J.: 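Mind having a look at this structure? Questions to follow.
Bear in mind the structure is a predicted one, so any value in this text is a computation, not a measurement.
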Amino acid sequence: MSVLFNVLLVLHFIGLAAVIGAFLVQMRRKGGFQTFWVITGLVTQLVTGLGMMGIIDATSDGGANHAKLGVKLVIAAVALVLAFVARARQKRADAGTAKAKAALPFFHSAGALAIVNVLIAVLWK
């Protein structure tokens, strides 16, 4: 079980790198956001996080910190929704039916929430 947990943890970190990396690279843009890696990373993090939570619950006596994991799950889900909204708004902006900056607040919010999730993971004991 520990091998599976470690594989999921590595994939979780790769998802994290995809989200935050894509966010930081595009942070100064005012439009033309590419959301593929943000969405892919967030989905990867949600799936692997749920898998790790299941393994922790199944193998540890004390269980997982469900409050912490619940908060992280909600934040990740909200970030994913915001990334999908940013993608939709960016498509409309590319088509000329919306302002060029239409995706900006949604893209930045998704990236900021991903960073908040990292802070929660590290600082909440």
J.: Of all the heavy-atom pairs spanning Ala102 and Ala98, show the shortest one and how long it is.
T.: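 Of all heavy-atom pairs spanning Ala102 and Ala98, the closest is CB-CB, 4.2 Å.
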
J.: Between side-chain atoms of residues 10-19 and protein atoms elsewhere (two or more places apart, or another chain), which donor-acceptor pairs fall under 3.5 Å?
T.:
{"residue": "His12", "atom": "ND1", "partner": "Gln45", "partner atom": "O", "Å": "3.3"}
{"residue": "His12", "atom": "ND1", "partner": "Thr48", "partner atom": "OG1", "Å": "2.8"}

J.: Using modelled atom types only, decide if a donor and an acceptor are shared between the side chain of Lys99 and the backbone of Gly96 within a distance under 3.5 Å.
T.: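 Looks like no, no N/O pair under 3.5 Å.
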
J.: Would you compute the distance between atom CG of Leu119 and atom CG of Leu123 and round it to the nearest 0.5 angstrom?
T.: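 Spacing of CG (Leu119) from CG (Leu123) equals 5.5 Å.
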
J.: Is the shortest heavy-atom distance from the side chain of Phe23 to the side chain of Ile115 under 4.5 Å?
T.: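 The answer is yes; the side chains approach within 4.5 Å.
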
J.: Same cluster or not: Leu4 versus Ile56, using hydrophobic residues (I, L, V, M, F, W, Y) connected whenever any side-chain heavy atoms lie under 4.5 Å apart?
T.: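 Yes, same cluster.
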
J.: On a heavy-atom basis, which atom in Met52 and which in Leu8 lie closest, and how many Å separate them?
T.: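 Heavy atoms of Met52 and Leu8 come nearest at CG-CB, 3.6 Å.
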
J.: Looking only at non-hydrogen atoms, find the nearest pair between Val38 and Phe107 and report the distance.
T.: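 Closest approach of Val38 to Phe107: CG2-CE1, 3.8 Å.
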
J.: Show which side-chain atoms of residues 80-92 pair as donor or acceptor with protein atoms under 3.5 Å away, not counting sequence neighbours.
T.:
{"residue": "Gln90", "atom": "OE1", "partner": "Gly32", "partner atom": "N", "Å": "3.2"}
{"residue": "Gln90", "atom": "OE1", "partner": "Phe33", "partner atom": "N", "Å": "3.1"}
{"residue": "Gln90", "atom": "NE2", "partner": "Asp94", "partner atom": "OD1", "Å": "2.8"}

J.: Out of curiosity, does Leu50 fall in the hydrophobic cluster containing Val47 (side-chain heavy atoms, cut-off under 4.5 Å, transitive links)?
T.: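 Linked, Val47 and Leu50 end up in one cluster.
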
J.: I need the full list of side chain to side chain donor-acceptor pair (under 3.5 Å) pairs touching residues 14-32, with sequence neighbours left out, sorted by first then second residue.
T.: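 For residues 14-32, and leaving out neighbouring residues, the side chain to side chain donor-acceptor pair (under 3.5 Å) pairs sorted by first residue read Gln26-Arg29.
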
J.: Kindly give the heavy-atom pair with the smallest separation between Thr44 and Thr40, and that separation in Å.
T.: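 Looking at all heavy atoms of both residues, the shortest contact is OG1-O, 2.8 Å.
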
J.: Do Leu46 and Val118 sit in the same hydrophobic cluster, where Ile, Leu, Val, Met, Phe, Trp and Tyr count as joined when their side-chain heavy atoms come under 4.5 Å apart?
T.: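 Looking at the clustering, Val118 is in the same group as Leu46.
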
J.: Nearest heavy-atom pair of Leu42 and Ala76: which atoms, and what distance?
T.: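 Heavy atoms of Leu42 and Ala76 come nearest at CD2-O, 4.4 Å.
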
J.: Kindly list each side-chain donor-acceptor pair under 3.5 angstrom involving residues 66-74, sequence neighbours excluded, with atom names and distances?
T.:
{"residue": "His66", "atom": "NE2", "partner": "Asp57", "partner atom": "OD1", "Å": "3.3"}
{"residue": "Lys68", "atom": "NZ", "partner": "Ala121", "partner atom": "O", "Å": "3.1"}
{"residue": "Lys68", "atom": "NZ", "partner": "Trp124", "partner atom": "O", "Å": "3.0"}
{"residue": "Lys72", "atom": "NZ", "partner": "Asn117", "partner atom": "O", "Å": "3.2"}

J.: According to a 4.5 Å side-chain heavy-atom criterion applied to Ile, Leu, Val, Met, Phe, Trp and Tyr, with indirect links allowed, do Phe106 and Val78 form part of one hydrophobic cluster?
T.: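 Yes, one cluster joins them.
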
